[in-house]
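In what follows, a single structure is set out as structure tokens and then discussed.
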Amino acid sequence: MHTFSLLPILLAPQAQEPAPPFLFNDMASNAGIDVVNRSGDPRRWYIPESNGCGAAWLDYDGDGDMDLFIANGAGMTYHDDGARLEVVHDASSRLYRNDGDWKFTDVTEEAGAGSNAWINAVTAADADGDGDTDLYLACFGEDVYLRNEGGRFVDATAESGLGNPLWGAGASFCDVDRDGDLDLFVSNYVVFDCDAPPNGGKRMEIDGVEVGLGPEGEAGEGINPGAPNLFFENVGKGRFREATQAAGFALEKPLCSYACVFADVDSDGWPDLLVANDLQPANLFHNRGDGTFEDQASERGFALDAEGKPTSAMGLCVADVDGDGDLDVLRTNFDFEPNSLHLNDGAGRFIERAGPAGLAGASVDRLGWGGGFFDADLDGDLDLFVANGHVYPQASEIGMNGWEQESQLFEGVPGGPTGMRWIDVTERVAGALAAPRSARGVAFGDADDDGDLDLVIVDIDRVPRLLRNDTPHRGHWLGVRLAGNAPNTAGLGARVAVEAGGRRWIQEVHTSDGLYSSHDPRLFFGLGPLAPAADTADRADAASLRATVRVSWPSGRTQTLTDIPLDRFLTVREPTE
């Protein structure tokens, strides 16, 4: 008779599920983030109610870590079945101080950062050149400029000259004329009067279901027409004058504009301007180098999609996505309309390649808003996150994709006809990044200073998601903080190149990117699993790995730093000569 022991079987280690390749844990509750986004009446019968808002990472108190500003909207009351509308200012923006270890304190009141304006976009920059970060709020209603005075914000809209009475949907600071101070472009969406809504307040009807009227390209001429964009020149010490016409930004006919991003797309040292327009051709304003711009979107292949049609564009995500040393652009678009990927030929001319790059088919059943390229796992290749959500709560009733949608993470991998391709890995992401929501603005920032980027996503009617990036690091990294000479103290517009392990990465400092939101002003380079240099082959530890960093400042100064250790932050100060 044979006997068998069951003990080894009982004690044998159980097979474990492999760790998810990407992990983002929602820390909002732990961090004390409790503000609920407000965005009109839940029916969203009118166009202001579906746009949502964004957030900003900034070091408002100068203590070295990233604090968090969350924009907010307002309520809406329908009178006489929508013949007259009333904005109800029953919500406020919030500022949360980063206290470390994923604990944040609400300092809105003591810091003077509360605004009950209906905010769409927020951009953070040192507008007056005094060394601390100010906030510009683009609003449905008059915009607001909050000047930071030593950690306390004051409303300096009137005295600064930054008054914009139109519906602001985007804003971006940059030193466009390279005179040292920051100028401001504000993209305005549509003309909308609550006292006299278009079509007498009557809604559009689809299959017997009432939904809101869209911008003029969708609803017909005269319904929700575009509003003119504005440009403000900085005349010194945080004082501005409106100079739209003089700078060449005035258009013959105003468009319905969302995101605006300054970026040097032709690498000539002068920042150009990209503008996303809803159901209309996009703009690419080329900087002539004399303080004026010319819209060259059509001749540079940026105005339309691959089929030669305008898109319902909301967000603009700018980065060197294929690693060839120039800046490419992703546009997020409407439901049943794939997102657009415009690849740069190096001279600021573009070709739309979303299909071959893997980004068209995966996005055609989503409605994209904010997002951005970032190296989620630090493997050396840029990944992409896009926030999705519909404009119609009734979307599923009229044969469209739902009001709440999964946002998407695309992993960037080398190969394919474009040199890089992106794979939708949303189903392989653990945590709350892809949770179905009606998401809008996304802000990227390293809240815990561990070298990878965390996210805050503003969802309509909900508390924002504060997502800690717990994805395993698959390589080395380098964080670069620029300290520019006043008044451009953060070096906005500077271009940074990092070389390590035989590869080269470039980024530009422009905190306004994606849609509605302002990002960590530091640059984050995922470098991948680098091998040590040949002369240190016997030492494979991180200390034997080094990088070279080259900075081209907006002032025209350049500098090169060599033998830079990895997996840490580097502060680069602009030379004075």
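Both backbone and side-chain heavy atoms feed into the values below; hydrogens, waters and symmetry mates do not.
- Asp335 and His390 share a side-chain donor-acceptor pair at under 3.5 Å.
- Distance alone, capped at 3.5 Å, is enough to place a donor-acceptor pair between the Gln280 side chain and the Cys256 backbone.
- Thr426 contributes atom OG1, which lies 11.5 Å from atom CD of Glu411 (distance to the nearest 0.5 angstrom).
- In this structure the side chain of Leu137 never reaches within 4.5 angstrom of the side chain of Asp143, judged on heavy atoms.
- With a 4.5 Å cut-off on side-chain heavy atoms, Leu330 and Leu359 count as touching.
- A salt bridge links Asp449 with Arg522: the distance from a Lys NZ or Arg NE/NH1/NH2 to an Asp or Glu carboxylate oxygen falls below 4.0 Å.
- Counting all heavy atoms, side chain and backbone alike, Val144 lies closest to Leu146 at CG1-CD2, 3.8 Å.
- With hydrogens and angles ignored, the 3.5 Å screen pairs a side-chain donor or acceptor of Ser93 with a backbone N or O of Ser115.
- At most 12 non-hydrogen atoms from other residues, nucleotides or ligands lie less than 6.0 angstrom from CD of Glu109.
- Of all non-hydrogen atoms in Glu508 and Ala263, the two that sit nearest each other are OE1-CA, 3.5 Å.
- Under the side chain to side chain donor-acceptor pair (under 3.5 Å) test applied with Thr311, the options Thr332, Asn333, Asp278 reduce to a single match, Asn333.
- Panel note: side chain Asp379, backbone Arg474; no donor-acceptor pair is recorded below 3.5 Å.
- Listed here is the closest heavy atom pair of Ala319 and Phe373: CB-CB, 3.9 Å.
- Inspection of the Ser257 and Asn229 side chains reveals an N or O donor paired with an N or O acceptor under 3.5 Å.
- No close placement of the His510 and Phe262 rings is indicated, their centers lying 6.0 Å or farther apart.
- For the residue pair Pro197 and Ala83, the shortest heavy atom distance occurs at CD-O, 3.1 Å.
- Across Gly73 and Ala91, no two heavy atoms sit closer than the pair O-CB, 3.7 Å.
- Once rounded to the nearest 0.5 Å, the distance linking CZ of Phe69 with OG of Ser518 reads 11.0 Å.
- Remark: side-chain polar atoms of Thr123 are not paired, donor with acceptor, to backbone N or O of Leu135 under 3.5 angstrom.
- Between the Asn199 side chain and the Arg203 main chain, no donor and acceptor come within less than 3.5 Å of each other.
- Here Arg97 does not pair with Asp67 in a salt bridge; the nearest charged N to carboxylate O distance is not below 4.0 Å.
- A donor-acceptor pair is defined here as one N or O able to donate and one able to accept, closer than 3.5 Å; such a pair exists between the side chain of Asn98 and the backbone of Ala447.
- There is no side-chain donor-acceptor pair under 3.5 Å between Asn37 and Asp459.
- A donor-acceptor distance shorter than 3.5 angstrom exists from the side chain of Ser187 to the backbone of Gly170, with no hydrogens or angles considered.
- Considering only heavy atoms from C-beta on, Leu273 stays 4.5 Å or farther from Val261 through its side chain.
- Atoms CG and OH, on Leu255 and Tyr189 in that order, are 12.0 Å from each other to the nearest 0.5 Å.
- Ring pair Phe173/Tyr136 is perpendicular by interplanar angle, where above 60° counts as perpendicular and below 30° as parallel.
- Between Asp448 and Arg468 there is no salt bridge, since none of the side-chain N atoms of the basic residue sits less than 4.0 Å from a carboxylate O of the acidic one.
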Exercise for review: Evaluate the criterion side-chain contact (heavy atoms from CB on, under 4.5 Å) for residue pair Asn283 and Leu251; output intermediate values, then yes/no.
Suggested key: CA-CA 10 Å; Asn283 302 120; Leu251 300 175; 4.2 Å; yes
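- The distance from the CD1 atom of Ile206 to the CD1 atom of Ile398 is 4.0 Å, given to the nearest 0.5 Å.
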Practice item. Given side-chain contact (heavy atoms from CB on, under 4.5 Å), test Phe24 with Asp454 step by step and report yes or no. Key: CA-CA 8 Å; Phe24 293 84; Asp454 311 297; over 6 Å; no
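- With contacts defined as side-chain heavy-atom distances shorter than 4.5 Å, the pair Asp134/Tyr145 qualifies.
- At least one donor-acceptor pair under 3.5 Å links the side chain of Glu337 to the backbone N or O of Phe334.
- Counting heavy atoms from C-beta outward, Asp383 and Trp422 have side chains that stay 4.5 Å or more apart.
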Practice item. Any chance you could lay out the side-chain contact (heavy atoms from CB on, under 4.5 Å) test for Met66 and Asp59, step after step, and finish with the verdict? Key: CA-CA 5 Å; Met66 288 294 109; Asp59 182 9; 3.9 Å; yes
Review point. Could you walk me through whether Asn339 and Val386 pass the side-chain contact (heavy atoms from CB on, under 4.5 Å) check?
Key: CA-CA 10 Å; Asn339 295 333; Val386 178; 4.1 Å; yes
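- A salt bridge links Lys253 with Glu216: at least one charged nitrogen is closer than 4.0 Å to a carboxylate oxygen.
- Here Phe524 pairs with Phe569 under the ring-ring contact (aromatic ring centres under 6.0 Å, His included) rule; sequence neighbours left out.
- A cation-pi arrangement, defined by a distance under 6.0 Å to the six-membered ring centre and an angle within 45 degrees of its axis, is absent between Arg331 and Tyr258.
- The line from SG of Cys53 to OH of Tyr516 is 8.5 Å long, rounded to the nearest 0.5 Å.
- Between the side chains of Asn25 and Asp470, at least one donor N or O sits under 3.5 Å from an acceptor N or O.
- In this structure, the side chain of Asn224 engages the main chain of Gly214 through a donor-acceptor pair within 3.5 Å.
- Relative orientation of the Trp167 and Phe140 rings is perpendicular, given thresholds of 30° and 60° on the angle between their planes.
- Here salt bridge (charged side-chain N to carboxylate O under 4.0 Å, His left out) pairs that include residues 23-48, with residues two or more places apart or in two chains, are Asp34-Arg94, Arg38-Asp90, Asp41-Arg43, Arg44-Asp461.
- The shortest side-chain heavy-atom distance between Phe22 and Asn469 does not fall under the 4.5 Å cut-off.
- Within the 4.5 Å cutoff, no side-chain heavy atoms of Ser92 are placed close to those of Asn72.
- In this structure, the side chains of Leu166 and Pro228 come closer than 4.5 Å at one or more pairs of heavy atoms.
- In this structure, Leu304 CG and His342 NE2 are separated by 8.5 Å, a value rounded to the nearest 0.5 Å.
- Not counting sequence neighbours, Asp65 has no partner by the salt bridge (charged side-chain N to carboxylate O under 4.0 Å, His left out) test.
- Other residues, nucleotides and ligands contribute more than 12 heavy atoms inside 6.0 Å of the CD atom of Glu205.
- For the pair Arg421 and Asp322, the salt-bridge criterion is not met [side-chain N within less than 4.0 Å of a carboxylate O].
- Classification of the Trp45-Tyr78 ring pair by plane angle, with boundaries at 30° and 60°, yields parallel.
- Although no hydrogens or angles enter the test, the distance criterion places a donor-acceptor pair under 3.5 Å between the side chain of Ser407 and the main chain of Asn388.
- Under 3.5 Å, the side chains of Asp452 and His473 contain a donor-acceptor pair of N or O atoms.
- For the pair Arg440 and Trp403, the cation-pi criterion (under 6.0 Å, within 45° of the ring axis) is fulfilled.
- Cation-pi check for Arg84 over Tyr46 is not met; the charged atom does not lie both under 6.0 angstrom from the ring centroid and within 45 degrees of its normal.
- Residues Pro393 and Pro42 come closest through the heavy atom pair CG-O, 3.4 Å.
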